[in-house]
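First up is the structure itself, then whatever we jot down about it.
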Amino acid sequence: MKTRICGTGSALPEKRVTNDDLSRFLETSDEWIKSRTGIGARHLAVEETLTGLTARAAESALQEAGVKPEELDLILSATLSADHILPSLSCELQRELGAVNAAAFDLNAACSGFLFALQTADAYIKSGQYQTILVTGGEILSRLMDWNDRSTCVLFGDGAGAVVVKADETYGILGSVQGTDGVKGDVLSCENRKNQNPYIAGTKDSAYVSMNGQEVYKFAVRTVPGAIHAAVEKAGLTIEDIDWFLLHQANIRIIEAVSKRLHVPMDQFPTNLQECGNISAGSVPILLHHVNERGMLHKGDKIVLAGFGAGLSWGASVLTW
Ligand code: ACO
């Protein structure tokens with residue numbers, strides 16, 4: 001039995017912020033940001049909640065899949081920036097969508113989160129426990145940024161993506177890999193907790209994302225091509241068989257380096273970071289929806305999805321559309 005993506009959806013906040021907009025209050029420039037990252041703009045949540053954005057993405061995925069909310073067995077949301085710690089985003093989605101028969105839980109694997117969630121859904125479907133699952137990935141990262149730190153806040157954006165997956169005899173996920181290197185976890189971190197335990201002296205206050213950009217870059221360029229090769233091999237395919245490579249949208253230079261190392265032209269690597277920035281767990285499902293709604297995917301296409309980021313962590317899946 002395979003796990004087939006039957007519907008996709010995405011939602012971005014209304015407020016679009018260009019690099020020039022940022023340069024009005026930060027010492028930065030469109031030229032610096034574009035040349036180092038490829039990012040031209042990002043959407044930032046002002047009125048929106050992550051639950052609201054993800055529900056919009058989910059409704060579109062459900063509609064394309066022809067699945068009613070009450071037919072969902074499970075809702076699995078990848079995020080590191082849910083509206084609340086409790087209840088989880090997945091539980092709030094269950095309520096918003098009226099998915100009364102679905103169990104629901106969140107998963108945090110940072111920028112690899114959507115891949116980890118998709119692979120978890122795949123395991124549930126292969127085990128026979130569930131047949132129809134909503135998998136989402138989304139963030140409101142603007143909540144976790146230090147807006148005085150030009151080295152991080154220019155990189156990220158907000159938004160949500162969703163897919164509905166179903167058990168299928170023929171089409172779907174053919175092979176997956178995932179990995180973690182916790183030893184290097186401190187190159188990309190966010191404490192975001194103020195502990196008021198009266199028995200602990202002093203409180204630690206580093207509630208924002210901090211990153212060693214060059215280490216993250218090296219990690220991504222070294223790890224992602226190997227992960228893609230391993231997933232393609234598990235799928236019983238070769239790199240030449242793959243039609244599309246949909247990578248986490250962290251940085252155009254990382255994507256270009258992966259394309260070079262795999263000897264695959266950049267036109268097989270669709271991107272949307274120019275308009276979206278890095279949306280962590282939201283990147284891959286939003287890109288998948290953008291590519292799908294443009295009619296670029298054809299039945300039988302072989303697609304690689306790959307995520308990588310904090311943890312450090314990485315995941316790649318190969319599927320037949
Ligand atoms: N505007 C202008 N100048 C800036 C900015 C900015 N927004 N940010 C940093 N600078 C300055 C620095 O202060 C530094 O100045 P200095 O030389 O006077 O000290 C100079 O630019 C160079 O800084 P570096 O950090 O060395 O810049 P680098 O060329 O490495 O580019 C970047 C930084 C884009 C983050 C790069 O390291 C990179 O691409 N890393 C990959 C990591 C990544 O994409 N992370 C995304 C999140 S993680 C993930 O999703 C996997």
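In each ligand, atom 1 is the first atom listed, and ligand 1 is the first ligand listed.
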Please tabulate, one line per pair, the protein nitrogen or oxygen atoms found under 3.5 angstrom from a nitrogen or oxygen of ligand 1, with distances to 0.1 Å, or say none if there are no such pairs.
from	atom 1	to	atom 2	distance (Å)
ligand 1	1 (N)	Thr28	OG1	2.7
ligand 1	3 (N)	Trp32	NE1	3.3
ligand 1	7 (N)	Thr28	OG1	3.1
ligand 1	7 (N)	Arg150	O	2.9
ligand 1	13 (O)	Arg150	NH2	2.9
ligand 1	21 (O)	Trp32	NE1	3.4
ligand 1	26 (O)	Gln214	NE2	2.8
ligand 1	29 (O)	Arg36	NE	3.1
ligand 1	30 (O)	Gln214	NE2	3.1
ligand 1	37 (O)	Gly213	O	3.4
ligand 1	39 (O)	Asn251	ND2	2.5
ligand 1	39 (O)	Arg253	NH2	3.2
ligand 1	40 (N)	Gly213	O	2.9
ligand 1	50 (O)	His248	NE2	2.8
ligand 1	50 (O)	Asn278	ND2	2.7

Listed by chain and number, what are the ring-ring contact (aromatic ring centres under 6.0 Å, His included) partners of Phe308, not counting sequence neighbours?
His248
Residue set satisfying ring-ring contact (aromatic ring centres under 6.0 Å, His included) with Tyr124, at least two apart, ordered chain then number -> Tyr130
Have Ser317 and Gln119 got a donor and an acceptor in their side chains that come within less than 3.5 Å?
yes
Distance alone, cut at 3.5 Å: any donor-acceptor contact between the side chains of Ser127 and Gln129?
no
Determine which pairs satisfy salt bridge (charged side-chain N to carboxylate O under 4.0 Å, His left out) with at least one residue from residues 210-237, sequence neighbours left out, and list them in order.
Glu215-Lys218
We want to know whether His290 and Glu275 form a side-chain donor-acceptor pair, criterion being a heavy-atom distance below 3.5 angstrom.
no
